[in-house]
Amino acid sequence: MKGPFIKDILKMNPDNKEISVCGWIRTKRDSKSFSFIELNDGSCMSNLQIIIDSSVKGYNEFINKLTTGSSVKIDGKLVKSPAKEQNVELHAENVTLYGEADPEKYVLQKKRHTFEYLRTIAHLRPRTNTFSAIARVRSAMSFYIHRFFQEKGFVYVHTPIITSSDCEGAGAMFQVTTLPLENIPKTNGKINFEEDFFGKKSSLTVSGQLEGETYACALGNIYTFGPTFRAEHSNTTRHLAEFWMIEPEMTFCDINGNMDAAEEFLKYIFKNLLENCREDMDFFNTRIDNTIIANLESIINEEFVRLKYTEAIKELEKSKVAFEFPVKWGIDLQSEHEKYLTEQVFKKPVILTDYPKEIKAFYMKLNEDDKTVRAMDVLVPRLGEIIGGSEREDNEQKLVKRIKQMNLNPEDYWWYLELRRYGSVPHSGFGLGFERLIQFVTGMQNIRDVIPFPRAFKSIDF
RNA sequence: UCCUCUGUAGCUCAGUCGGUAGAGCGGGUGGCUGUUAACCACUAGGUCGGCGGUUCGAGUCCGUCCGGAGGAGCCA
């Protein structure tokens, strides 16, 4: 597709310039002697208004075929529009119809559709305002994420999608196998994985963190940004079986440096989003959730609160709110607790640290009190946890002890432990789910609507 | 996996006490207007998710299966 694109045309000086524009017709309004067309090419939310006078060659043949959804090329003159709704419009001189869209059958007519229905036509939904805006915001956010890390000298590491470790413990895994399922080779009743493709039981990754740490412990600062798979039978507005995750890992960096990085990171990408995707963000703010822009602006401008878990528990115990889940030191915080802290107590993002070791992963660095670990969760108003991270345990003996405590086998982690044996360094990192981030900035309620082709439990229609 | 709700026209929904179905939007036709959520008139669309049962009679009641949504758990 060649330009100029409608995004740029709308900013051009309307000086009778001859241009050509391609796109899909969103709607048409006929008069006796001319027609108005709203043309969209995906470059932006706005349409370009086209006027086709009935004197244009072939008018009577093509005009009834220029229906919603049909694709055209229009050559014409860009002029100033006399009406208020737009600055410029295109006076067509030549019309080329590429593809018709039978209005009796094409379901995306100009009318509202529920997101639920649009999920059943995932191949057509990017042609709607909402889903094209989501696609642009997703793309832009990916770019800002890369740019943030690249500007800071982080190395982008491609961690494997297929892994042999069934030991990551972050969730149910999808097994990868070429064994014949109708006749699985077994020895003494147990599956013989030596005959499988990799010679070992293999799965799709649930996290690139452990592999990421190996590269961080050589290159300094790294990040991953790739697909992640969880085979959990979750059926919620916040879970996917296939989603994208960002996981930076920083060496010579403690929990405080980790918090600094997470805060700077969020502020950077949100600021870029508001500055560069204003039209799409205004749309979300108007049509989806009218708090998102104010919310993002306050996150950009406010300093995040930093609070230890123990302090947060005290704060919650002090409150008069009747929580569904009672508060007590040692519990994992429920989303009602997180929301209370971010929305009622502080009214801004809160970074909670130093959680009880029992409710956190084995690789998090143990504090001197032997009870808490250097975990950090970044909580934001409305969503709750947006980032989870920690300083990693860098002492081999302590790490082995924690692995055993969690009933895991240290032998499975031999290479991960060697990072602590040879040139171990304090290091930290965090992870964030990309789709939840997109949900947060767009206000979209269902995670299946912020990824082009959602994969979820019992759901893979496209 | 559990709990709740839901399935009627292309889409969004209404349908009373069980008596063979309606609206809005969208589509078609005609009219009108520098229109822009266009407007006005007319018009065509339905195996009421599938199967079984109760009944003289089921969109409506019962059973079951399938699909969808929301919540819980788990998590990102």
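In what follows, chains are A, B, ... by sequence order, proteins preceding strands, each numbered from 1.
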**OP:** Consider the side chain of A:Q334, meaning its heavy atoms from C-beta on, and name the nucleotide among B:C75, B:G73, B:U35 that approaches it most closely.
**Re:** B:G73
**OP:** Identify whether the glycosidic angle of B:G45 places it syn (within 90° of 0) or anti.
**Re:** syn
Original post:
Hey, is A:D377 close enough to A:K360 for a salt bridge, meaning N to O under 4.0 Å?
Top reply: yes
**OP:** Looking at every strand, decide which applies to A:I387 at a 4.0 Å heavy-atom threshold: base, sugar-phosphate, or nothing.
**Re:** nothing
Original post:
Do A:E104 and B:G26 share a donor-acceptor pair, side chain to base, under 3.5 Å?
Top reply: no
Original post:
When all nucleic acid strands are considered with a 4.0 Å heavy-atom cut-off, which category describes A:H239: base, sugar-phosphate, or nothing?
Top reply: base
Subject >> Inter-nucleotide P distance (B:U1, B:C48), Å rounded >> reply: 31 Å
Original post:
Strictly by modelled atom types, are A:R29 and A:S31 linked by a side-chain donor-acceptor pair under 3.5 Å?
Top reply: no
Original post:
Near A:F270 CZ, under 6.0 Å, is it more than 12 heavy atoms from other residues, nucleotides or ligands?
Top reply: yes
Original post:
Can you tell me if A:R147 and A:N272 form a side-chain donor-acceptor pair at under 3.5 Å?
Top reply: yes
**OP:** Check the side chains of A:N285 and A:N290 for a donor-acceptor pair under 3.5 angstrom, ignoring hydrogens and angles.
**Re:** no
Subject >> A:E358/A:K371 ion pair, N-O < 4.0 Å >> reply: no
Subject >> 5′-ward residue of the pair A:F34/A:I447 relative to RNA chain B >> reply: A:F34
**OP:** Check the distance between B:U35's P and A:D53's CG and give it to me in whole angstrom.
**Re:** 16 Å
**OP:** Assign A:Q86 to base, sugar-phosphate, or nothing according to its heavy-atom contacts below 4.0 angstrom with the strands shown.
**Re:** base
Subject >> Residue A:Q49, side-chain heavy atoms: nucleotide from B:C11, B:A69, B:G34 that is nearest >> reply: B:G34
**OP:** Consider the side chain of A:K111, meaning its heavy atoms from C-beta on, and name the nucleotide among B:G73, B:G34, B:G26 that approaches it most closely.
**Re:** B:G26
Subject >> Any A:S234 side-chain N or O less than 4.0 Å from OP1/OP2 of B:C74 >> reply: no
**OP:** Pull out every residue in residues 13-33 of chain A that has a heavy atom closer than 4.0 Å to any atom of RNA chain B, ordered by number, or say none.
**Re:** A:R29, A:D30, A:S31, A:K32
Original post:
Would one find more than 12 heavy atoms of other residues, nucleotides or ligands at under 6.0 Å from atom CD of A:Q405?
Top reply: yes
**OP:** Quick one: label A:P82 by what it contacts on the DNA or RNA (base, sugar-phosphate, nothing), any heavy atom closer than 4.0 Å.
**Re:** base
Subject >> Contacting residues from residues 116-126 of chain A, given that a heavy atom lies under 4.0 angstrom of RNA chain B >> reply: A:E116, A:Y117, A:R119
Original post:
Got A:F440 and A:N295 here, is their nearest side-chain heavy-atom distance under 4.5 Å?
Top reply: yes
**OP:** Provide, to the nearest angstrom, the distance between the NE2 atom belonging to A:H233 and the P atom belonging to B:C3.
**Re:** 17 Å
Original post:
What is the distance from CG of A:N64 to P of B:G30, rounded to the nearest Å?
Top reply: 8 Å
Original post:
If you check the A:P103 side chain, which of B:U35, B:G27, B:A72 turns out closest?
Top reply: B:G27
**OP:** Please tell me which of A:E38 and A:H113 maps to the more 5' nucleotide of RNA chain B, matching each residue to the nucleotide holding its nearest heavy atom.
**Re:** A:H113
**OP:** Let me have RNA chain B in dot-bracket notation, would you? Count Watson-Crick plus G-U wobble pairs, both distances under 3.5 Å, and use [ ] for pairs crossing earlier ones and | for inter-strand partners.
**Re:** (((((((..((((.....[..)))).(((((.......))))).....(((((..]....))))))))))))....
Original post:
Between A:E18 and A:K77, is there a salt bridge with N-O shorter than 4.0 Å?
Top reply: yes
Original post:
Is there a side chain to side chain contact (heavy atoms under 4.5 Å, CB included) between A:Y223 and A:F148 once you walk through the steps?
Top reply: CA-CA 11 Å; A:Y223 70 106; A:F148 174 82; over 6 Å; no
Original post:
Just how far is it from atom OG of A:S35 to atom CG of A:D30, taken to the nearest 0.5 Å?
Top reply: 3.5 Å
Subject >> Evaluation steps, salt bridge (charged side-chain N to carboxylate O under 4.0 Å, His left out), between A:E264 and A:K152 >> reply: CA-CA 11 Å; A:E264 192 184 349; A:K152 295 197 156 297; 3.0 Å; yes
Original post:
Rounded to the nearest Å, what distance is computed from the CD atom of residue A:Q109 to the P atom of nucleotide B:G24?
Top reply: 18 Å
Original post:
Can you check whether A:N235 has a side-chain N or O nearer than 4.0 Å to OP1 or OP2 of B:C2?
Top reply: no
**OP:** Could you please name the option among B:G34, B:G27, B:U36 that lies closest to any side-chain atom of A:A83?
**Re:** B:U36
Subject >> A:V107 side-chain proximity, nearest of B:G10, B:U35, B:U12 >> reply: B:G10
Original post:
Is there a donor in the side chain of A:W24 and an acceptor in the side chain of A:S70, or the other way round, less than 3.5 Å apart?
Top reply: no
**OP:** Give A:E85 one of three labels, base, sugar-phosphate or nothing, depending on what nucleic acid heavy atoms sit under 4.0 Å from its own.
**Re:** base
Subject >> Euclidean distance, atom CD of residue A:E338 to atom P of B:C74 [Å, nearest integer] >> reply: 12 Å
**OP:** Would you indicate, yes or no, if B:A69 has its OP1 or OP2 atom less than 4.0 angstrom from a side-chain nitrogen or oxygen of A:Q445?
**Re:** no
Original post:
How is A:F325 classified with respect to the nucleic acid when contacts are heavy atoms under 4.0 Å: base, sugar-phosphate, or nothing?
Top reply: sugar-phosphate
**OP:** Answer with yes or no whether the side chains of A:H91 and A:E89 bring together a donor and an acceptor at under 3.5 Å.
**Re:** yes
Original post:
Looking at A:T237, does any N or O in its side chain come under 4.0 Å of the phosphate oxygens OP1/OP2 on B:G71?
Top reply: yes
